[in-house]
There are 2 protein chains.
Amino acid sequence: MEAKRATIKDVAEAAGVGVATVSRVLSGGSASPATRERVLAVAAHLDYRPSALGRNLRQRRTGGIGLLVPDLTDTFFGQLAEGVLACARSAGEPVVLGSTGDDPEQEAELVGMLLEQSVDRVIAVPSGGADTWEPAARAGMTVVFADRLPAERPGDAPSGPMSGSASGSTADLMLLDGVPPPPPAAPAPPTGVPAVLADDRAGIRTAVRYLRGLGHRRIAFLGGPGHDRRVAAFREAVGSPVDEELVVFATGSRDSAYAAASGLFQSRPDLTAVLAGGNVLGEAAVLAARELDLRVPRDVSLVMYDDVPWAELCSPPLTVIAQPGRDIGYRACELVLRASGRRPRTVVLPTELIVRGSCGPLR
Amino acid sequence: MEAKRATIKDVAEAAGVGVATVSRVLSGGSASPATRERVLAVAAHLDYRPSALGRNLRQRRTGGIGLLVPDLTDTFFGQLAEGVLACARSAGEPVVLGSTGDDPEQEAELVGMLLEQSVDRVIAVPSGGADTWEPAARAGMTVVFADRLPAERPGDAPSGPMSGSASGSTADLMLLDGVPPPPPAAPAPPTGVPAVLADDRAGIRTAVRYLRGLGHRRIAFLGGPGHDRRVAAFREAVGSPVDEELVVFATGSRDSAYAAASGLFQSRPDLTAVLAGGNVLGEAAVLAARELDLRVPRDVSLVMYDDVPWAELCSPPLTVIAQPGRDIGYRACELVLRASGRRPRTVVLPTELIVRGSCGPLR
DNA sequence: AACCATGATGGAATCGTTTCCATGGAGGCG
DNA sequence: CGCCTCCATGGAAACGATTCCATCATGGTT
């Protein structure tokens, strides 16, 4: 019933040549025209396809590319994945996919899985910090980060001595309460790390200026996991004393995003504009605003990071900071494909403020 | 620099046993407690991870699961993918992903790639017809379809002018013009094909009844690739003489969806309700309606297939037919994992009409 | 005491490919 | 004419695991 696949041996036999010759013909080595033609004919006739298994074992690497994203349900990551897929297809490389749920632990587990599969090239939207990724690199993986960089240090504690909460780490940012901020340091200029990022800094700055121009002064930032760079840019753009109550973080889930948005609106009814750090946060903000009978943009202006198709569907249509998700994926894939030798470079893609209807003048 | 990974041989040597013993210990075979402990200790110490390459070659199969979807940018497929990923992770199986763009040719190419990788279990949202999938099955692949079934017949040409076509397959439905419809046959009760589908028939029927109940008589259907079952259900639900001008199809792209929706509204201003066969179509319908100054639901009622997070964001929030995307993926993965021996079964998951604000009484 | 069953163990074959190396023939040049 | 080079070619060794099979020790049974 199931015709088992022809092997190189079958082809060799049928063509009356040695396996080595077949291999050479098929991978472009030298061979006499006569032989070449015969082998090719036989191979086609037998519908021979070389087994990636054998080849990979011999070459000690799997052709594939690993792709790790936090959540495919987030349209932005869908776009990014499509970009990666497009590039990988054109290179003939399979892509093995993992969804981390923004959980460093799952991420580490998935990295392990890729390692086991000998997938040695990975594109990742990292959730974990350097401690997750350093071992991967040490194991010989070529890693290209997309959209984000891993948190600088593993157990880094920016936590003020103040509060006992003290767990300290970027996780502090997860807190809703107003922990004294680390100095509004400019986002460290990334360099040397192979990565493809959007120009968060410019994007955020433009958005903040735009809101400022409309008269807004009490602007809130609604962030999610991995938005460190964005929040840093926000702090920088807003200027020195940032009202910490206006900087709120959620975890990855939609529920958490909604809770954060709702909490923000309720605790600070005086805010006049919100900058959502991602489309899930934006969605939550719209929902929460509606629930609390806040009109957009009359009562509150809203700018969302990520241009997703539905941004235009909202009423009013959402003003967004567009980042080229598909391109980010595509470029990241290009980078990981030609990473051999070339020294790592981080490329930054432009963002664009797309003004639609969700921002209005302060009233 | 790069410590190369330890092999089973290294472990065997270090533990002073044979490779066979190591393999047995690691895969749960019999071994004396003393040996087992020693091997385990050494393996842990060397940070040994068995190479999937070696194993797979020996076992003539790749552990992985293939996943083929039309477009990850479509939130529904994102949900589906998340479901597959969740199940695959819990089974420890890697997932290799492909995006077909609803193009049978690309799909066939991707199937070939999976074959080459010896990925012998695939979950697919099929774009191509039986002619794409029959070879895959013949090559020994276990294929589980999700969300759709492949078109019944391969090369059915929907291109026939008027009469000649008469082929009368579901492919006919692709026509935009008003070809006389095949008798509104009930969707063939699927059986024997391993697949996980939503109960399109019930979902559509419920929606149509709901619209009917609101007084609507001229209800249009806006479909996309792979919506054959849905349009068949629509025909069935609407009853005998379906106004063929009210059944419109788009290709997969957003542009095409918009064009179809816009064209529909313009050519038939008398329609009072639209049933969109997928979330991309629904999005297009909202956009087109707005562009043409049609108010929802005052001028036109809208029901969309797929419950996506942003359905609630629209104003008015969209009434939808929800299908459990994540569950579909999860179940499909379960099916493909235990497909050995068990005879193929197609499972149908329930849909639910979620009434929000996009439908109103006829006026 | 001889024998057998049982269980642990290691050697070796195997999977399908690539690649190193040796061989042999043909042709060019001195 | 002889020698050297070059190319096409095939055999065989990897690659890293699993697994069959033979071996050996042990302990219980007759």
Side-chain angles (χ1 to χ4, degrees), chain A residues 2-40 42-43 46-64 92 94 113 115-120 139-140, chain B residues 3-40 42-43 46-64 92 94 115-120 139-140:
Chain A
E2 293 186 13
K4 43 175 66 73
R5 278 171 56 185
T7 74
I8 199 175
K9 220 163 154 185
D10 300 328
V11 177
E13 238 164 76
V17 300
V19 290
T21 304
V22 177
S23 175
R24 264 184 302 248
V25 167
L26 262 29
S27 48
S30 70
S32 77
T35 317
R36 148 166 278 110
E37 197 179 343
R38 192 150 35 97
V39 168
L40 252 24
V42 169
L46 293 186
D47 190 31
Y48 168 70
R49 314 189 56 127
S51 153
L53 254 42
R55 173 188 3 237
N56 292 341
L57 175 55
R58 176 62 221 250
Q59 312 188 157
R60 266 110 88 68
R61 51 166 280 237
T62 292
M113 189 258 279
L115 229 34
E116 193 161 315
Q117 301 291 325
S118 303
V119 172
D120 57 358
Chain B
K4 47 174 63 76
R5 277 170 57 185
T7 74
I8 199 174
K9 218 162 155 185
D10 300 327
V11 177
E13 237 163 74
V17 300
V19 290
T21 304
V22 176
S23 174
R24 264 184 302 249
V25 166
L26 262 30
S27 47
S30 70
S32 77
T35 315
R36 146 166 279 110
E37 198 178 343
R38 191 148 37 94
V39 168
L40 253 23
V42 170
L46 293 186
D47 192 30
Y48 167 71
R49 316 189 54 128
S51 152
L53 255 42
R55 180 194 355 249
N56 292 341
L57 176 56
R58 175 62 221 246
Q59 311 187 154
R60 265 108 90 59
R61 48 167 281 234
T62 292
L115 230 34
E116 193 160 314
Q117 300 292 325
S118 303
V119 172
D120 57 357

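Since the model is a prediction, treat every value here as computed from it, not as a measurement. Just so we're on the same page: letters track the sequence lines, and every chain starts at 1.
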Using whole Å, report how far [atom1] of [X] lies from [atom2] of [N].
{"X": "Glu13(A)", "N": "dT9(D)", "atom1": "CD", "atom2": "C1'", "result": "17 Å"}
{"X": "Arg36(A)", "N": "dG10(D)", "atom1": "CZ", "atom2": "P", "result": "14 Å"}
{"X": "Leu53(B)", "N": "dC15(C)", "atom1": "CG", "atom2": "P", "result": "17 Å"}

Remember a base hit wins even if backbone is also touched, and classify Leu57(B) as base, sugar-phosphate or nothing at under 4.0 Å, heavy atoms.
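Answer is base: heavy atoms of Leu57(B) come under 4.0 Å of a base.
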Within the 4.0 Å heavy-atom criterion, would you say Arg49(A) contacts the bases, only the backbone, or no part of the nucleic acid?
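Result for Arg49(A) = sugar-phosphate.
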For Gln117(A), side chain to side chain donor-acceptor pair (under 3.5 Å) partners two or more places apart
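Partners of Gln117(A) under the side chain to side chain donor-acceptor pair (under 3.5 Å) test: none.
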Please tabulate the protein-to-nucleotide N/O contacts below 3.5 Å involving nucleotides 18-20 of chain C, giving atom names and distances.
unit_1, atom_1, unit_2, atom_2, d
dT18(C), OP1, Arg55(A), NH1, 3.3
dT18(C), OP2, Ser23(A), OG, 2.8
dT18(C), O2, Arg58(A), NH1, 2.1
dT19(C), O4', Arg58(A), NH1, 3.4

Looking only at side-chain atoms of Ser32(B), point me to the closest of dT9(C), dT9(D), dT17(C).
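The answer is dT9(C), which lies nearest to the side chain.
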side-chain contact (heavy atoms from CB on, under 4.5 Å), that's the test. Do Arg55(A) and Glu116(B) meet it? Break it down for me.
CA-CA 11 Å; Arg55(A) 173 188 3 237; Glu116(B) 193 160 314; 4.0 Å; yes
Does atom CD of Gln59(B) have more than 12 heavy-atom neighbours from other groups under 6.0 Å away?
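Above 12, so yes.
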Axis deviation across the helix from dA1(C)-dT30(D) to dG30(C)-dC1(D), five-pair ends, to the nearest 10°:
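Comparing the axis at each end, I get an angle of 60°.
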Hey, is the side chain of Thr35(A) poking within less than 4.0 Å of OP1 or OP2 on dT9(D), counting only N and O atoms?
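Answer yes for this pair, as a side-chain N or O of Thr35(A) is under 4.0 Å from OP1 or OP2.
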When the nearest nucleotide of DNA chain C is assigned to Gly16(B) and to Arg60(B) on a heavy-atom basis, which residue is associated with the more 5' position?
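It is Gly16(B) whose nearest nucleotide is closer to the 5' end.
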